[in-house]
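In what follows, residues are counted from 1 in the order of the sequence shown. Values below: every heavy atom of this structure, side chains too, minus hydrogens, waters and symmetry copies. No experiment lies behind these values; they were computed from the predicted model shown.
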Amino acid sequence: MAQSSILIVSIFVFFILSTTARRFPGRTLLLDDSSSMSNFTFVCDPSRYVNLGLDISSFRFCNSSLSFPERTKDLVDRMTLSEKVAQLGHRAFGVARLGLPPYNWWSEALHGVSNVGPGTRFDDVVPGATSFPNVISMAASFNEAMWKTIGQVVSTEARAMYNLGRAGLTYWSPNVNVVRDPRWGRTLETPGEDPFVVGKYAVNYVRGLQDVEGTENATDLNSRPLKVSSCCKHYAAYDVDNWLGVERYTFDAKVTEQDMLETFLKPFEMCVKEGDVSSVMCSYNKVHGLPTCADPALLKDTIRGDWDLHGYIVSDCDSIEVMVDHQHFLQDTNEDAVAQTLKAGLDLDCGQFYPNFTEDSVRQGKVSVKNIDKSLNYLYVVLMRLGFFDGSPKFQSLGSRDICNDEHIELATESARQGIVLLKNDNDTLPLDTSTIKTLAVVGPHANATSVMLGNYAGVPCRVKSPIDGLSEYAKVNYQMGCENVACKNDTFIFGAMDAAKNSDATVILGGIDLSIEAESLDRVDLLLPGFQTQLIQQVAAVSKGPVVLVIMSAGGIDISFAKNNPNIKAIVWAGYPGEEGGRAIADVIFGKHNPGGRLPLTWYEADYVNLLPMTSMPLRPVKSLGYPGRTYKFYDGPVVYPFGYGLSYTSFTHTLVSANRSLAVNLDKTIQCRDIAYEDTAFKPDCAAALVDDLTCSNEFEFEIKVENSGKMDGSQVVIVYSKPPSGISSTHIKQVVGFQRVFVDAGGNESVKFKLNACKSLGLIDFSGYNLLPAGGHTIVVGDGDVSFPLQLSFHGN
Ligand SMILES: *[C@@H]1O[C@H](CO)[C@@H](O)[C@H](O)[C@H]1NC(C)=O
Ligand SMILES: *[C@@H]1O[C@H](CO)[C@@H](O)[C@H](O)[C@H]1NC(C)=O
Ligand SMILES: *[C@@H]1O[C@H](CO)[C@@H](O)[C@H](O)[C@H]1NC(C)=O
Ligand SMILES: *[C@@H]1O[C@H](CO)[C@@H](O)[C@H](O)[C@H]1NC(C)=O
Ligand SMILES: *[C@@H]1O[C@H](CO)[C@@H](O)[C@H](O)[C@H]1NC(C)=O
Ligand SMILES: *[C@@H]1O[C@H](CO)[C@@H](O)[C@H](O)[C@H]1NC(C)=O
Ligand SMILES: *[C@@H]1O[C@H](CO)[C@@H](O)[C@H](O)[C@H]1NC(C)=O
Ligand SMILES: *[C@@H]1O[C@H](CO)[C@@H](O)[C@H](O)[C@H]1NC(C)=O
Ligand SMILES: *[C@@H]1O[C@H](CO)[C@@H](O)[C@H](O)[C@H]1NC(C)=O
């Protein structure tokens, strides 16, 4: 089957290459040979050239007084065609006669340095790296500054591992696909369902990984230094992994221009324009029949043209092979396919198609060497910005002590705490009090979770603290598994869990799902707890002596209405997949060392939702003719278990509006035309209904200040989420959309002022059905949180 063979290729591509590549004469494999890599300094190290018996002064690409583009041009111009194509796969073979070493482009660092990519490995020199919460959990903190700090720590560990010869400099993270459908298997890798939040996560994490302090604002983006190189993936409309046999490799996404710009491309646009990311990865799927990696409109015109990428575009692993062997795109030969992708703007192949077939493709006249040269120049500028050629004195001293140190482990713990969401807390049952709770029944398939908390794209963690480890710090734990695993096919273990609950002062049930239910290449078919888990929870709750707390580990939402409605279950906590320190974080929340402040980064739909529409239907808006409901909080207003942005605290907060701009006058030059915008009810429609954002200078900003008071008895953090609602009457637009958010810590009894200054075009603009970005006139509404503060904002055009 296509699926299994591709998976095998993806997983073993590294091993296949490492055995076959040795047959190429003159190509040595330094990178995967630690003994030679561990003393690698940088390409243009003069003593290296002496050792290699080469005269460095004859190589202009090593002359650091020239610009990077001048140097890369010199390097590329020296290569023969076959030398050039040997550099176009993720395993670049190098050119020994030029002193250019091999380099493996594929490393991963989604939530910590990972060994999923062959460019990175762990062994006795570097036994592990800090494993942060999975992205869906980090997103739940709604803490931009922390996302960036985590990126900085991950890149510090990556640099240290690079110095030790254990990692590369180019990381294919983060995953910034929007979670369009609750069944998606890769939800754990992403920041959730809102394109703006996903984009903000991307910008902060990418800047954390890439930026070198003091050079963040360098204006020459071709020479701006990189700490490590980051990559936003998978571009674009990559939305089905494997749902009832529909696979990502052949899935053809039918996407409207409106959804494409508004939802699917938005985070990528922010990642490139605001994050200045140095790479974008195209996806496996097709969009309207065209494989994304072969689509010049998506790659060359949009990423490089409109967004002005400074970096390289890489394929998902074996995408070109998928195009030929599984999609049978245009009945392409291998040589046709590499020509199409090169011309579309794909610079690097994660795989073997470019190195194997590009030379023949050129000889057959299908693609010109100029296309190859352009791509190679993009690639080498990135390596030069990384110091691969000239060294990085700033990071040279990083080593073992900079990996898994106390500070990094503490950040992993704090980010896990901040990502935990309190969903229910009847009668202020939580936090539990150690003076009355001496014994604790800890039951359920995730009670002793270890690797489950690491999710996917994880490396080897520094250590793992399970919930049992964490809770044991506070009370005597009576552990009973309740179910042998998340599938929970056997109800015989429930009795032991019930006994523990009967005989303990309080009960914590840890359930949920894991990678056997939601994963890459595995979408969900329902939103329920598997097997006998519901029964376990209900039976334990029925007999428990003390209060019952339910902790759910999952990325996607689960319909736990039964628990929400069960008066015996006093509290519910969503822990996501909280990373290596997850058990400590969960315990710190349950016993009140940490007051939870996380918010759901996606809607938790009722189970029936997935029966209303197939996962393969791409529209975000409801499809009335087919009876499909809308998707995400922006377009769906039906019943939910918990809404996007939901999350409780142990204290209570109030919001007051201190001041706000309530009107905006946008100047329209005489030459600018008013644009029409469709209204359901034209009675509301202003004379000049809208203007094209591209026609405006977009300098108008509006400001407001909110006072957040902590009126409860415990210090805590409040996430202030700001939405805009378009003027009423506009046809088929979003219900509301996030335009800003801040997480603020407020002492008990104290208050903090939270200020927002937002750009009118970015916050009030919308994409119409034909794909135009319009700024509508009329009465917009700004809503804070659940709506306890909201105010109107009147926008009018002047001057034409
Ligand atoms: C690295 O060290 C080994 C011996 O330890 C030596 O043979 C090799 O030439 C060195 N490589 C470089 C690039 O200096
Ligand atoms: C480096 O390039 C500059 C500018 O072209 C030149 O003046 C200088 O001599 C070169 N240095 C070396 C070592 O070739
Ligand atoms: C870069 O610009 C940002 C935003 O204007 C500013 O906060 C920061 O201090 C600047 N950094 C440097 C090193 O100038
Ligand atoms: C690429 O070439 C190598 C070496 O000949 C071969 O082992 C490998 O199977 C080829 N891969 C593909 C996808 O053609
Ligand atoms: C718990 O709260 C419910 C309603 O929220 C209330 O009816 C009940 O009396 C409370 N129980 C206790 C023990 O305070
Ligand atoms: C929890 O799991 C770890 C590793 O998976 C195992 O070593 C340990 O014995 C388990 N703890 C209990 C209480 O079963
Ligand atoms: C359930 O587990 C018990 C205890 O290990 C075992 O005796 C029984 O056969 C299992 N039942 C099923 C249906 O697997
Ligand atoms: C918004 O309010 C601020 C503070 O009151 C004021 O300085 C600014 O001029 C106002 N801006 C607009 C566009 O009205
Ligand atoms: C807000 O906090 C300040 C101190 O930070 C205090 O002076 C003021 O009274 C507080 N205001 C309210 C309304 O609580």
If only side-chain N and O atoms count, and only distance matters, is there a donor-acceptor pair under 3.5 Å linking [Y] with [X]?
{"X": "Ser753", "Y": "Glu705", "result": "yes"}
{"X": "Ser649", "Y": "Asn595", "result": "yes"}
{"X": "Asn177", "Y": "His234", "result": "yes"}
{"X": "Glu193", "Y": "Thr603", "result": "yes"}
{"X": "Ser790", "Y": "Thr781", "result": "no"}
{"X": "Tyr238", "Y": "Asp241", "result": "yes"}
{"X": "Glu518", "Y": "Thr187", "result": "no"}

Using only atom types and a distance under 3.5 Å, with no angle test, would you say the side chain of [X] pairs donor to acceptor with the backbone of [Y]?
{"X": "Lys564", "Y": "Val641", "answer": "yes"}
{"X": "Arg599", "Y": "Val719", "answer": "yes"}
{"X": "Asp316", "Y": "Tyr284", "answer": "no"}
{"X": "Arg304", "Y": "Gly311", "answer": "yes"}
{"X": "Gln418", "Y": "Asn143", "answer": "no"}
{"X": "Tyr642", "Y": "Gly645", "answer": "no"}
{"X": "Asn759", "Y": "Glu701", "answer": "no"}
{"X": "Lys233", "Y": "Trp172", "answer": "yes"}
{"X": "Ser415", "Y": "Met138", "answer": "no"}
{"X": "Asn134", "Y": "Ile136", "answer": "no"}

Just so I know, are the side chains of [X] and [Y] near enough to count as touching, which here means a heavy-atom distance under 4.5 Å?
{"X": "Lys634", "Y": "Phe644", "answer": "no"}
{"X": "Pro614", "Y": "Trp243", "answer": "yes"}
{"X": "Arg224", "Y": "His310", "answer": "no"}
{"X": "Lys685", "Y": "Asp676", "answer": "yes"}

Got more than 12 heavy atoms from elsewhere within 6.0 Å of [atom1], [X]?
{"X": "Phe769", "atom1": "CZ", "answer": "no"}
{"X": "Asp687", "atom1": "CG", "answer": "no"}
{"X": "Asp301", "atom1": "CG", "answer": "yes"}
{"X": "Tyr772", "atom1": "OH", "answer": "no"}

field: Glu274/Arg207 ion pair, N-O < 4.0 Å
entry: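 The answer is no: the pair does not qualify as a salt bridge.
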- prompt: Checking side-chain contact (heavy atoms from CB on, under 4.5 Å) for the pair Val589/Leu422: CA distance, chi angles, key distance, verdict?
  reply: CA-CA 9 Å; Val589 164; Leu422 181 64; 5.7 Å; no
State, to 0.1 Å, how close [X] and [Y] come at their nearest heavy-atom pair, and which atoms those are.
{"X": "Trp574", "Y": "Ala555", "result": "CZ2-O, 3.7 Å"}
{"X": "Gln258", "Y": "Arg621", "result": "NE2-NH2, 3.1 Å"}
{"X": "Pro629", "Y": "Tyr609", "result": "CG-CE1, 3.7 Å"}

query: Between Phe142 and Trp147, how do the two ring planes meet: parallel, tilted or perpendicular, split at 30° and 60°?
result: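 Tilted: the ring planes of Phe142 and Trp147 meet at 30° to 60°.
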CA sep, side-chain torsions, deciding dist, call: Ser283, Thr292, side chain to side chain donor-acceptor pair (under 3.5 Å): CA-CA 6 Å; Ser283 51; Thr292 60; 3.1 Å; yes
task: I would like to know whether Tyr577 and Ile513 meet side-chain contact (heavy atoms from CB on, under 4.5 Å); could you show each step before the answer?
output: CA-CA 10 Å; Tyr577 295 118; Ile513 52 181; 3.8 Å; yes
field: Option among Asp181, Asp194, Asp239, Asp259 that satisfies the salt bridge (charged side-chain N to carboxylate O under 4.0 Å, His left out) test with Arg631
entry: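 Exactly one pass, corresponding to Asp181.
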- request: Test side-chain contact (heavy atoms from CB on, under 4.5 Å) on His111 and Leu188 and set out the steps.
  value: CA-CA 11 Å; His111 53 107; Leu188 75 165; over 6 Å; no
- prompt: Which pairs, with at least one residue in residues 721-754 and sequence neighbours excluded, count as a disulfide (SG to SG under 2.5 Å)?
  reply: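 The answer is none; no pair qualifies.
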Listed pairs under 3.5 Å, donor-acceptor, residues 722-739 side chains, sequence neighbours left out:
{"from": "Ser724", "atom 1": "OG", "to": "Ser763", "atom 2": "O", "distance (Å)": "2.8"}
{"from": "Ser731", "atom 1": "OG", "to": "Ala678", "atom 2": "O", "distance (Å)": "3.4"}
{"from": "Ser731", "atom 1": "OG", "to": "Glu680", "atom 2": "N", "distance (Å)": "3.3"}

